[in-house]
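Only one structure is covered here, and it is reproduced in the block below.
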2 protein chains.
Amino acid sequence: MDGRGKTAATVTLAEVAAAAGVGESTVSRVLRNHGSFSAKTRDRVMEAVNRLGYVPNMIAGTLASAGSRLVGIVVPSFSNIVFADVLRGASQALEGSGHQAVIGVSDYDPAREEALIASMLSWRPAAILLAGLEHTDRARAMLTGGGARVAEMLDIDGPGLDLVVGFATAETGRASARHLLARGYRRIGYVGHDLTRDTRAAKRLAGFEAALGDAGLVLADRDVAPVPSSVEVGRDGLDRLLARSPDLDAVYFSNDDMAVGGYFLCLSRGIAIPDRLALFGYNGLDVARLTPQPIATIRTPRVRIGELAAQLALSGAPAQTVDVGFEVIAGATA
Amino acid sequence: MDGRGKTAATVTLAEVAAAAGVGESTVSRVLRNHGSFSAKTRDRVMEAVNRLGYVPNMIAGTLASAGSRLVGIVVPSFSNIVFADVLRGASQALEGSGHQAVIGVSDYDPAREEALIASMLSWRPAAILLAGLEHTDRARAMLTGGGARVAEMLDIDGPGLDLVVGFATAETGRASARHLLARGYRRIGYVGHDLTRDTRAAKRLAGFEAALGDAGLVLADRDVAPVPSSVEVGRDGLDRLLARSPDLDAVYFSNDDMAVGGYFLCLSRGIAIPDRLALFGYNGLDVARLTPQPIATIRTPRVRIGELAAQLALSGAPAQTVDVGFEVIAGATA
DNA sequence: AATTCATTTGGCAGCGCTGCCAAAAGGTCA
DNA sequence: TGACCTTTTGGCAGCGCTGCCAAATGAATT
């Protein structure tokens with residue numbers, strides 16, 4: 001137990017073969033349940049495997065057979081429930097097919113994403129799953145090299161590299177605006193977080209503003225904090241926004257974390273929801289549906305997106321874009 | 001573009017060597033910046049690498065050099081912020097040292113954890129990071145095989161296999177009880193989730209009850225739902241608990257998700273907090289600190305735990321248990 | 001018993017890279 | 001100029017496994 005990863009006495013296939021008194025290829029066939037062998041042989045081999053505590057070496061197996069059972073996944077963050085759900089869906093799908101997820105976090109940084117993609121490709125993964133359609137040119141070039149299938153998840157507003165699984169991001173913003181407009185709200189503000197990093201949040205806002213424009217309106221005011229989204233940032237953003245524009249009758253938040261923060265501010269201040277102020281979020285977050293008044297939001301099938309992306313990427317499906325849709329949840333705050 | 005992961009025309013080290021007019025080992029040395037070579041040679045090699053778009057094959061490299069730069073991480077869930085934070089910490093640490101995280105989700109199932117460990121070991125990882133100290137015997141046996149360093153995270157209440165990084169789980173329960181007792185609460189209930197799967201939640205409850213016992217008290221009532229924790233389960237659990245035992249003056253929740261659900265129930269019902277009912281959670285969850293009244297809870301350094309576990313496992317540190325401690329956050333609900 | 005065919009098995013050449021060693025090239029000094 | 005030392009370089013044998021092919025075995029048929 002010296003602490004170094006020296007693999008003291010690793011048992012190899014050849015040793016198992018010798019112990020079982022069969023050839024190496026026979027052991028390999030039995031272990032992979034591939035090709036034919038007699039029941040007697042199988043028992044002999046399995047006995048030796050268990051007795052010696054043999055653990056197959058995927059590194060060698062992959063090298064020999066060309067084509068790994070690894071799948072690279074790059075997400076912007078672990079903390080955002082959106083990506084946690086996507087990862088969950090993807091893991092589920094991978095589990096079934098005997099693949100392993102190699103996961104990296106880009107922290108919403110395209111350069112980090114590029115670096116992660118490069119290092120993942122060096123493991124010759126069967127597929128790479130990414131969030132969104134925005135990548136550096138070099139990342140694109142590496143991915144189109146042809147080695148691995150590529151699935152871009154969550155956003156379908158634009159051309160993809162291979163597989164694209166998601167929903168129309170800008171359209172979610174438009175739908176949110178239409179919902180508020182249909183309920184008669186006219187003096188609408190926006191509370192958001194770092195839009196330069198979170199390009200999908202920026203697309204939602206663009207769609208939202210476009211729909212307001214169609215109705216002859218503009219965003220009355222906005223507060224955008226250059227930091228990641230959180231309950232706190234939503235609360236403080238709404239606080240600032242209302243200080244500047246007390247006459248707003250509705251606020252669109254960049255996501256449900258932010259909206260929950262706004263909701264808490266209203267609770268603390270005794271601001272009547274939705275009569276005095278309507279709130280609209282984005283994500284269908286668990287906690288936002290269970291506040292005393294469920295928060296109006298957009299629900300997207302995130303787990304399904306991860307699952308479908310993984311399935312398609314591993315099934316050899318042709319390059320395509322799959323729109324899984326989204327749903328407006330009316331809630332009680334708008 | 002037939003969709004199969006065939007790696008159309010993969011460039012190999014040998015091809016780069018030929019293109020640069022040098023030997024294979026020279027290319028290898030330059031690429032790994034290891035051993036000596038002249039500046040002129042380096043430029044020639046790098047030019048060829050870029051021109052051909054060479055991507056090193058880690059599979060082959062690892063096989064040849066014995067010892068991979070993969071680190072296996074098995075967590076019970078992606079959705080629970082605790083593990084998201086631990087993963088974030090671990091990823092950060094791995095990033096710096098040029099390692100890749102291979103992540104699996106056990107869904108709180110020891111058998112699945114065992115299967116994941118087995119399949120990760122077949123990638124000959126440098127280390128394996130796990131949540132908690134509870135594992136199947138076979139999992140333990142595989143892990144002590146010596147191939148990879150092992151770090152068990154979050155819980156230090158018991159013997160570990162190698163490295164253990166966390167805090168005294170039962171003691172968090174005791175501290176929670178002492179806090180409530182010090183504030184004068186005596187009729188205390190518990191609202192929890194699936195304790196057979198979440199063994200750490202069970203340990204917290206055991207500690208909590210032990211501290212009550214020290215004060216000559218017992219848990220007045222409890223509601224335990226056999227499902228994963230969520231805001232909704234906490235809300236409904238408190239609802240049931242209060243229907244049965246309306247005279248409780250405080251409730252301990254299995255975690256902050258659950259406590260937030262309870263808090264929302266109180267808001268809806270107009271139950272005065274903490275005068276009529278005190279609430280105590282566990283986790284130091286973002287949203288629980290931002291409710292109009294911050295929820296009393298225990299904060300643990302989760303990101304730090306992931307980071308430290310990864311660092312120690314990769315640094316060749318001797319087997320040891322590191323207690324990173326925890327903190328009682330008084331909040332406004334107890 | 002001889003022939004044919006299907007099933008089961010073993011041998012061995014790589015997969016692409018690294019580590020080791022020996023050889024070549026370059027520098028220094030007498 | 002030649003001996004000696006240092007730096008740089010190339011060759012090649014594996015790492016542990018899989019895929020291919022040929023050989024051995026067994027069953028069925030004439």
Side-chain angles (χ1 to χ4, degrees), chain A residues 5-45 48-49 52-70 98 119 121-126 147, chain B residues 5-45 48-49 52-70 119 121-125 147:
Chain A
K6 284 309 275 185
T7 303
T10 305
V11 181
T12 67
L13 219 189
E15 298 176 87
V16 173
V22 301
E24 294 182 36
S25 10
T26 300
V27 176
S28 176
R29 276 187 293 257
V30 170
L31 255 27
R32 287 178 298 149
N33 193 28
H34 177 270
S36 58
F37 46 81
S38 66
K40 193 181 310 174
T41 304
R42 186 197 51 226
D43 295 343
R44 282 244 299 283
V45 169
V49 164
L52 300 179
Y54 172 68
V55 177
N57 185 333
M58 284 295 217
I59 302 277
T62 299
L63 180 61
S65 64
S68 90
R69 290 196 152 293
L70 290 175
S119 97
L121 282 176
S122 73
W123 287 98
R124 299 291 187 268
Chain B
K6 285 308 277 185
T7 305
T10 304
V11 181
T12 67
L13 218 189
E15 299 177 87
V16 174
V22 301
E24 294 182 37
S25 13
T26 300
V27 176
S28 176
R29 275 186 293 257
V30 170
L31 254 28
R32 288 177 299 149
N33 192 30
H34 177 269
S36 59
F37 44 82
S38 67
K40 192 180 308 174
T41 303
R42 186 196 54 226
D43 295 343
R44 281 241 302 282
V45 169
V49 164
L52 300 179
Y54 173 69
V55 177
N57 185 333
M58 285 295 217
I59 303 277
T62 299
L63 180 61
S65 62
S68 89
R69 290 198 151 292
L70 291 175
S119 99
L121 282 176
S122 72
W123 287 99
R124 298 292 186 270

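By convention in this document, chain letters (A, B, ...) are assigned in the order of the sequence lines, proteins followed by strands, and residues within each chain are numbered from 1. In this text, all values refer to a predicted model and were calculated from it rather than measured experimentally.
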Starting at [atom1] of [X] and ending at [atom2] of [N], how long is that distance when rounded to a whole Å?
| X | N | atom1 | atom2 | answer |
| --- | --- | --- | --- | --- |
| Lys40(A) | dT7(C) | NZ | P | 18 Å |
| Arg29(A) | dG11(C) | CZ | C1' | 11 Å |
| Ile59(A) | dC17(C) | CD1 | P | 14 Å |
| Leu13(A) | dG19(D) | CG | P | 12 Å |
| Met58(A) | dC15(C) | CE | C1' | 16 Å |
| Asn57(A) | dC15(C) | CG | P | 18 Å |
| Phe37(A) | dG19(D) | CZ | C1' | 16 Å |
| Leu31(B) | dG19(C) | CG | C1' | 16 Å |

What do the steps show when you test Ser28(A) against Arg32(A) for side-chain contact (heavy atoms from CB on, under 4.5 Å), and what is the final call?
-> CA-CA 6 Å; Ser28(A) 176; Arg32(A) 287 178 298 149; 2.8 Å; yes
Among dG16(D), dG10(C), dC17(D), the one nearest any side-chain atom of Tyr54(A) is dC17(D)
Options dG10(C), dG11(D), dG16(D), nucleotide nearest the side-chain atoms of Leu63(A) | dG16(D)
Go through the steps for Phe37(B) and Val22(B) under the test side-chain contact (heavy atoms from CB on, under 4.5 Å), then give the verdict.
-> CA-CA 11 Å; Phe37(B) 44 82; Val22(B) 301; over 6 Å; no
N/O (side chain, [X]) to phosphate O (OP1/OP2, [N]) under 4.0 Å:
| X | N | result |
| --- | --- | --- |
| Ser28(B) | dT18(C) | yes |
| Ser25(A) | dG10(C) | no |
| Thr26(A) | dT8(C) | no |
| Ser38(B) | dT9(D) | yes |

Polar side-chain atom of Ser68(B) near backbone of Arg124(B) as donor-acceptor pair, under 3.5 Å = yes
The single option from Asn57(A), Val55(A), Val49(A), Leu52(A) passing side-chain contact (heavy atoms from CB on, under 4.5 Å) against Val11(A) | Leu52(A)
Specify the residue among Arg32(A) and Glu24(B) whose closest nucleotide of DNA chain D lies further upstream toward the 5′ end.
-> Glu24(B)
Taking for Val22(B) and for Thr62(A) the nucleotide of DNA chain D with the nearest heavy atom, the one nearer the 5' end belongs to Val22(B)
Is a donor-acceptor contact shorter than 3.5 angstrom present between the side chain of Ser65(B) and the base of dG19(C)?
-> no
Establish whether the base of dG16(D) is bridged to the side chain of Thr12(A) by a donor-acceptor pair shorter than 3.5 Å.
-> no
To the nearest 0.5 Å, what is the distance between CG (Leu63(A)) and CG (Leu63(B))?
-> 5.5 Å
